[in-house]
Amino acid sequence: MSLVKYIDRKHTNCEKWDGLIDMYGRDNLLAMWVADMDFQVPDCVISALQTYVTQGAFGYYRTPDSYYEAFINWEKNQHGFEVQKEWIRFSPGVVSAFYWIVQFMTEPGDAVIVTTPVYYPFMNSIKDNGRTLITCDLVNTNGTYSIDFVDFEKKIVENDVKLFILCSPHNPVGRVWTCDELKTLFDICRKHNVFVISDEIHHDLVYNDNNHIPSLAVGDYDDMMIMLTAPSKTFNLAACQNSVIVIPDKQIREKWDVFTGNLRVTNGNSFGYIAAEAAYTDGHAWYEEMKETVYDNYRYMRDTFVKELPNVVVSPLEGTYLAWIDMRHYLSSGEMAAFMQDKCALAFDYGDWFGGEKFAGFIRMNLATSRANVELAVQRIVQNLK
Ligand SMILES: Cc1ncc(COP(=O)(O)O)c(C=O)c1O
């Protein structure tokens, strides 16, 4: 029997389905946006939470060593990355973490660089904190994206950039950066004293021969980097608000501790710890099957577009469960929302959210749902465009 079960999440106060009305003005759309899954979490998570709920006392929680061990073992087994317990810190979300780091690693007005198109809260964290946003566009070669290192370095030098927020693997273009690419980026950053936030929330979601290299394992960059990750994307636990911050360097850790100590946000709720520990300890079989399900959905979507609408460009899905799809041959940027929402009754993240008008002819499709939903979405696009 299948370990990965699709569930109808409507009417559960779920942002992806129940938030459609707020975001798109109607609730009868097929929700293919928001990066979480329509899959029930692994059974081990449900039973760990059930046991805790059944005992019925929800007083202050002490984070057990077993939570740290579960994460440390997961990193070692999945990524060959040896994390020390004392490097690990808590944050309720990866987004909170990079907002905070922008605040304590830079000064107001400082320049912070991102490679666009990119997960839009990166840009918000820079603008909301009164820092200067610098963008370096990834190079799009028939849907496969790469980094223009010359442009990256030029922008750093010209703008006196202090911080780089890296997305690895990259949301939304689906790249799993190679060791060489990461090393080149970090060497440029080192040369110009640029600190790196490495957002690796999607790092377990990689397919085929693609191998995620944790940024901290690329070389000796400990003194210029913080890694952010979480079990939330991997195991569908976003609402449990438990993210893992890895800071090997003592001085940077002290900065983190002072900042979060002043916020009084140094640990999370019991439900998040219990869910994370169970998932990292016993969720592996579910995780493998979930990845196959997502990749099958990707294959169906890509192959159908190749056959039916050959000028749709689907970026190769090396990592994440989010497909980046170039519809510019068929739809102008002005037509996109009306076509997707009114004609097809579909909700996507639109390309321009990830870095402005130049990405307006793209959509980001969430593939972590049932095959039936992916087929419906793809067929509606095909039928309405043909
Ligand atoms: C790159 C990236 N970082 C962070 C997040 C969200 O992190 P959190 O829910 O832990 O704040 C997402 C969610 O889509 C993401 O894609």
Side-chain angles (χ1 to χ4, degrees), residues 14-16 19 23 31-39 41 71 88-103 112-126 128 138 145 163-177 182 196-206 212 214-215 226-246 260 263 265 267-269 271-273 275-276 279-280 294 315 317-324 347-351 353-355 359 363-369:
C14 139
E15 176 74 19
K16 183 177 176 188
M23 190 65 192
M32 306 297 285
W33 67 310
V34 176
D36 65 19
M37 306 186 193
D38 294 328
F39 304 138
V41 299
F71 172 72
I88 300 174
R89 292 294 182 272
F90 166 81
S91 155
V94 163
V95 173
S96 313
F98 60 69
Y99 263 73
W100 298 344
I101 300 166
V102 166
Q103 289 174 43
V112 182
I113 194 163
V114 296
T115 52
T116 37
V118 79
Y119 179 56
Y120 32 93
F122 281 18
M123 294 176 276
N124 297 340
S125 74
I126 299 164
D128 291 349
L138 295 168
Y145 286 77
L163 176 72
F164 168 40
I165 314 182
L166 166 72
C167 198
S168 178
H170 193 99
N171 169 11
V173 305
R175 276 298 318 278
V176 174
W177 305 116
L182 293 170
V196 180
I197 298 175
S198 183
D199 180 337
E200 300 180 43
I201 198 169
H202 295 278
H203 76 327
D204 298 319
L205 297 146
V206 297
H212 173 82
S215 292
I226 296 181
M227 170 193 185
L228 316 178
T229 192
S232 52
K233 298 286 169 229
T234 315
F235 294 104
N236 205 21
L237 299 174
C240 290
Q241 299 199 310
N242 189 289
S243 305
V244 187
I245 315 306
V246 183
T260 56
L263 292 177
V265 183
N267 49 12
N269 70 74
F271 296 90
Y273 286 113
Y280 282 138
V294 168
S315 288
L317 191 74
E318 296 178 356
T320 83
Y321 49 69
L322 307 163
W324 182 243
F348 293 111
D349 288 54
Y350 293 122
W353 299 359
F354 298 85
F359 304 113
I363 52 169
R364 192 194 73 176
M365 182 188 288
N366 182 343
L367 296 164
T369 187

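Given the structure is predicted, the values throughout are model-derived calculations rather than measurements. Whatever order the structure lists ligands and atoms in, that order sets their numbers, starting from 1.
A distance of 8.0 Å separates OG1 in Thr234 from CD1 in Ile201, rounded to the nearest 0.5 Å.
Around ligand 1 you find Ala35, Gly93, Val94, Val95, Tyr119, Cys167, Asn171, Asp199, Ile201, His202, Lys233, Ser243, each with a heavy-atom distance below 4.0 Å.
Between Arg364 and Phe354 there is a side-chain heavy-atom pair separated by less than 4.5 Å.
Residues passing the side-chain hydrogen bond (donor to acceptor under 3.5 Å, both in side chains) test with Ser315, sequence neighbours excluded: none.
A pairwise comparison of heavy atoms in Val294 and Ala368 identifies CG2-CA, 4.1 Å as the closest pair.
Put simply, the side chain of Asn366 gets close to the backbone of Asp36: a donor and an acceptor are under 3.5 Å apart. A donor-acceptor pair is defined here as one N or O able to donate and one able to accept, closer than 3.5 Å; such a pair exists between the side chain of Glu200 and the backbone of Ser215.
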